[in-house]
Amino acid sequence: MDTTHDTPQMLACHAVAMSQPSDGGTATPPEWVQLLPAGVFRGRDGRGPYRNDDPEGIVRATMAYQAGADIPIDYDHQSVFSEVNGQPAIAAAWISQLEVRNGEVWGRVTWTDKGAAHVASREYRYLSPVFEHGRKDGRISRIESVALTNQPNLQITAIASRRALRSPSAGLADSPDGCRIGEEAQPPTRGEDMDLKKTLSGILGLSPDSADDVVAAKVQGLVTAAHSANAGLVAIAKAVEAPDDAAPGVIADQVRAVASRAATPDPAKFVPIAMYQETASNLSALRNEVAATKAKDLVDQAKAAHKVTPAMEGWASDYATKDPEGFKAWMSASVAVVTPGPDATAGGPPQGGGKLTDTDRAICSQLGLSEEEYAKNIGKEGA
């Protein structure tokens, strides 16, 4: 391919409609896609003419530039705009091979699952290759990038802006303002600035004579709102267990599914709150009843063993109810309050003129009572 003439290069984009089924049914993403037509052609918006008179040279230059890497097919030229809007350039497919067919340049495509789904559902219908060409003769030198799009012809200035951001010293791709690759980019005139400002003001709903800082603030507000909306969408996606990069429609379907499940809960997994509360109340009452019965049995055992006097019965009942095992341990370690036998009457006062026996003193020690308090209580019981 002769590259000695018309050295300055420009960027342009062209649209190619992907094949669709004649019956209007679901499209199958093609394995091979046409990227450039043969010969001389124009874009859908009338730009051109562009010359594809050396397709083999275009293939060689493109693959050399890629240096073994596959060419990504992104969405809506996001690889061009990612440095401007800060959003990721997600690939819909990858071109691994270029081929010349009757003067046309074709690419072999491996589609991602999501890219294939977008094409199959006809959400995207066009491929838009961006290519370099001579400024004067329109001769194409190589393919720059490819995108899925429904807006086939982008503004050349927008595409060229990536070159300005990426390497200002290298110059810009050709655009309506006259900048070219390999040349110093010339600043736009004041008239062009004013035209751009008027266009932006109209899009943003501002007066055409709005101050520059007002327009800039409006743009920044929209960018911030877009980032916030995207973050909110990602949060919603996580909440409903949808992929982070799921399309808004997919997230909406998932939200509706979650809402439907909440409105009609599975009766095998959920019960009415009134039924739950009634069951819990009945279970609590039953537990209290069982605990009271066990506590009474323990106190009766202690009374039969002469380890609990009538004066101690309230305390013993509370203890046995709250801590049955602790009460059992106390009962095992305690001695009888009155030792049955010919010299004593169970439950009666101490014998021997009110004096305490060794057994009585042991009981005082167990209960933490003074001998006087114990003798006084025993005396009351025997009265």
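Note that the numbering runs from 1 along the sequence shown for the chain.
In this structure, the side-chain contact (heavy atoms from CB on, under 4.5 Å) partners of Glu104, at least two apart in sequence or on a different chain, are Gln34, Ala38, Trp106. Under the side chain to side chain donor-acceptor pair (under 3.5 Å) criterion, Gln277 pairs with no residue at all, not counting sequence neighbours. Checked against side chain to side chain donor-acceptor pair (under 3.5 Å), Asp209 has the following partners two or more places apart in sequence or in another chain: Ser207.
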*asked:* Go through it in stages, so that I can follow the logic: the residues are Asp253 and Arg256, the test is salt bridge (Lys or Arg N to Asp or Glu O under 4.0 Å), and I'd like the CA-CA distance, side-chain angles, deciding distance and then a yes or no.
replied: CA-CA 5 Å; Asp253 290 342; Arg256 281 191 286 268; 2.4 Å; yes
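Taking the six-membered ring where the residue is Trp, Tyr124 and Tyr75 present tilted rings, their angle falling between 30° and 60°. The aromatic rings of Trp330 and Trp315 sit perpendicular, their planes meeting at an angle over 60°, well past the 30° parallel limit.
Here the closest heavy-atom approach between residue Ala147 and residue Asp76 is recorded as CB-N, 4.1 Å. Nearest approach of Lys307 to Ser332, heavy atoms of both residues: NZ-O, 4.2 Å.
Electrostatic pairing of Glu313 and Lys303 counts as a salt bridge here, judged by a charged N lying under 4.0 Å from a carboxylate O. Between Asp137 and Arg139 there is no salt bridge, since none of the side-chain N atoms of the basic residue sits less than 4.0 Å from a carboxylate O of the acidic one. Using a 4.0 Å cut-off between charged nitrogen and carboxylate oxygen, Arg142 and Glu144 count as a salt-bridge pair.
In this structure, Ser284 contributes its side chain and Ala280 its backbone to no donor-acceptor pair below 3.5 Å.
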